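Nothing fancy with the numbering, it's 1 onward along the sequence. Keep in mind that this is a model prediction, so the values were computed, not measured.
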Amino acid sequence: MPMPLWWGHVNKRVFNPLAVKGGKWPVLIHVGRVSGATYRTPLDAHPVDGGYLFILVYGSRSDWVRNVLAAHGARLRVDGKEVELTAPRLVGKQEAFQALPAEVARPPKLLRITEFLRMDLVAGGGS
């Protein structure tokens, strides 16, 4: 696992609310797979052909990843607009790096990140 899950819990409780409030980060809006509650998670969202790619710093066992996979999609607030995303799927490093534009920095090897989440834009799903 790249980053310890306990650090993710600190991020979720302390830093994420500040980042959402600040409005500078892309925010993924997803529904809890058990609670049904709506959550807002600030993330690095990288536009790729036909959708977005997310670097899974905490791996695929993160709550937000499991929520998105269970719901088969989410919404993303980016650059002042919301877009609808569908068909979430885990992809490996090779596919992710091929999809990312060359100017996007790859995660440091030290973090040992091997999982990424890719989602497709829903046609006409922006607001």
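Looking at residues two or more places apart in sequence or on another chain, you find a side chain to side chain contact (heavy atoms under 4.5 Å, CB included) between L100 and H46, V48, L53, F97, V104, R106. Shown here are the side chain to side chain contact (heavy atoms under 4.5 Å, CB included) partners of P47, two or more places apart in sequence or in another chain: Y52. Partners of R118 according to the salt bridge (Lys or Arg N to Asp or Glu O under 4.0 Å) rule, which considers only residues two or more places apart in sequence or in another chain, do not exist here. Partners of R33 according to the salt bridge (Lys or Arg N to Asp or Glu O under 4.0 Å) rule, which considers only residues two or more places apart in sequence or in another chain, are D63.
How far CZ of R75 is from CD1 of I29: 4.5 Å, rounded to the nearest 0.5 Å.
Counting only residues at least two apart or on different chains, no salt bridge (Lys or Arg N to Asp or Glu O under 4.0 Å) pair has a member in residues 44-55. Note on residues 87-100: pairs passing side-chain hydrogen bond (donor to acceptor under 3.5 Å, both in side chains), not counting sequence neighbours, are R89-D120.
Within the 4.5 Å cutoff, the side chain of L76 has heavy atoms near those of the F54 side chain. Within the 4.5 Å cutoff, the side chain of T38 has heavy atoms near those of the R40 side chain.
M119 and L90 fall within the same hydrophobic cluster, where Ile, Leu, Val, Met, Phe, Trp and Tyr residues are linked whenever their side-chain heavy atoms come under 4.5 Å apart, directly or through other members. Y58 and V91 fall within the same hydrophobic cluster, where Ile, Leu, Val, Met, Phe, Trp and Tyr residues are linked whenever their side-chain heavy atoms come under 4.5 Å apart, directly or through other members. Residues L28 and L69 fall within the same hydrophobic cluster, defined by Ile, Leu, Val, Met, Phe, Trp and Tyr side chains chained together at heavy-atom separations under 4.5 Å. Using a 4.5 Å cut-off between side-chain heavy atoms of Ile, Leu, Val, Met, Phe, Trp and Tyr, with links allowed through other members, V68 and V78 fall into the same hydrophobic cluster. Tracing side-chain contacts under 4.5 Å through hydrophobic residues (I, L, V, M, F, W, Y), one never reaches V27 starting from V31; they form parts of separate clusters.
Nearest heavy-atom pair across G59 and S62 is O-OG, 3.2 Å. Residues F116 and A96 come closest through the heavy atom pair CG-CB, 3.4 Å. The shortest heavy-atom contact between A45 and P26 is CB-CB, 3.9 Å.
Distance alone, capped at 3.5 Å, places no donor-acceptor pair between the E84 side chain and the V122 backbone.
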